[in-house]
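Reading through the structure tokens given below for one structure.
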Amino acid sequence: MKTLVKTFAAAALIAISTFTMAAEGPGSTSAKANVNLSTADFALDHYVAVTTEGESAGVEQLFAEDFNQKIQASNAQNHSRNEVVKSLKKQKGEKLNCEVSTDILEESTDYMVAKVTLKFENFTKTDLVTLERVGNNWKVSKSVNSYK
């Protein structure tokens with residue numbers, strides 16, 4: 001009888017863990033996963049990973065509530081935080097084929113402006129990123145993009 005109970009208990013645990021993994025999907029991580037944004041450098045590195053490498057963990061955590069993105073082009077565009085987060089989530093796992101370089105233009109204890117340059121085969125995208133300390137974490141508060 002004890003063997004039968006142990007067998008049913010083991011089968012139940014296997015079934016529960018299988019259903020849990022299947023619901024999450026293969027290799028998935030929660031989009032609400034905590035990401036270390038305790039320094040401006042960590043936040044900037046995560047921003048680059050999110051925008052160029054298809055990283056999806058901590059996307060919502062990365063952007064300030066009042067975040068906005070401006071694209072300087074022949075038809076200038078503005079995008080809200082929600083629009084950008086939604087777009088980046090759709091790009092989960094997609095890596096851009098470009099060379100990435102970052103330069104810190106200005107930095108203080110609560111503020112950083114960085115230049116992120118993405119060199120593609122036929123054009124270059126320059127992204128001026130403003131990061132601000134919000135409590136104990138750093139968040140991206142503004143992004144201005146231009147293309148050459």
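Throughout, residue positions are numbered sequentially from 1 according to the sequence presented. Just so we're clear, the structure is a prediction, and the values are computed from it rather than from any experiment.
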Is there a side-chain contact between Leu118 and Phe120, using heavy atoms and a 4.5 Å cut-off? yes

Just how far is it from atom CD of Glu94 to atom CG of Leu88, taken to the nearest 0.5 Å? 11.0 Å

Out of the candidates Asn145, Val113, Val140, only one should pair with Val129 under the side-chain contact (heavy atoms from CB on, under 4.5 Å) rule; please name it. Val140

Going through the distances and angles, do Lys139 and Leu131 end up as a side-chain contact (heavy atoms from CB on, under 4.5 Å)? CA-CA 5 Å; Lys139 303 217 180 239; Leu131 298 103; over 6 Å; no

SB check Glu132 Lys142 (cutoff 4.0 Å): no

Between Tyr47 and Val134, is there a shared hydrophobic cluster once you connect ILVMFWY residues whose side-chain heavy atoms come closer than 4.5 Å? no

Give the cluster check for Val116 versus Val144: same hydrophobic cluster or not, with ILVMFWY residues linked at side-chain heavy-atom distances below 4.5 Å. no

Less than 3.5 Å apart, any donor N or O on the side chain of Thr130 or Tyr111 sitting next to an acceptor on the other? no

Treat each ILVMFWY residue as a node, draw an edge where side-chain heavy atoms are under 4.5 Å apart, and state whether Val85 and Val35 are in one component. yes

Can Lys115 and Thr126 be said to form a side-chain contact (heavy atoms from CB on, under 4.5 Å), step by step? CA-CA 7 Å; Lys115 178 180 174 182; Thr126 302; 3.7 Å; yes

For Phe42, does the CZ atom sit with more than 12 other heavy atoms under 6.0 Å from it, leaving out its own atoms? no

Tell me, with the steps shown, if Phe63 and Ser141 meet side-chain contact (heavy atoms from CB on, under 4.5 Å). CA-CA 6 Å; Phe63 296 98; Ser141 62; over 6 Å; no

Residue Asn78 excluded, over 12 heavy atoms near CG under 6.0 Å: yes

Is there a donor in the side chain of Ser80 and an acceptor in the side chain of Asn82, or the other way round, less than 3.5 Å apart? no

Can you give me every donor-acceptor pair (side chain of residues 97-106, partner residue at least two apart or in another chain, under 3.5 Å) with its distance?
none

For the pair Tyr147 and Phe123, name the ring-plane relationship: parallel under 30°, tilted 30 to 60°, perpendicular over 60°. tilted

Glu60 side chain reached by Lys89 side chain, heavy atoms, under 4.5 Å: yes

Would Lys70 and Gln77 count as a side-chain contact (heavy atoms from CB on, under 4.5 Å) if you check the C-alpha gap in whole Å, the side-chain angles of each, and the deciding distance to 0.1 Å? CA-CA 6 Å; Lys70 293 182 181 182; Gln77 300 175 15; over 6 Å; no

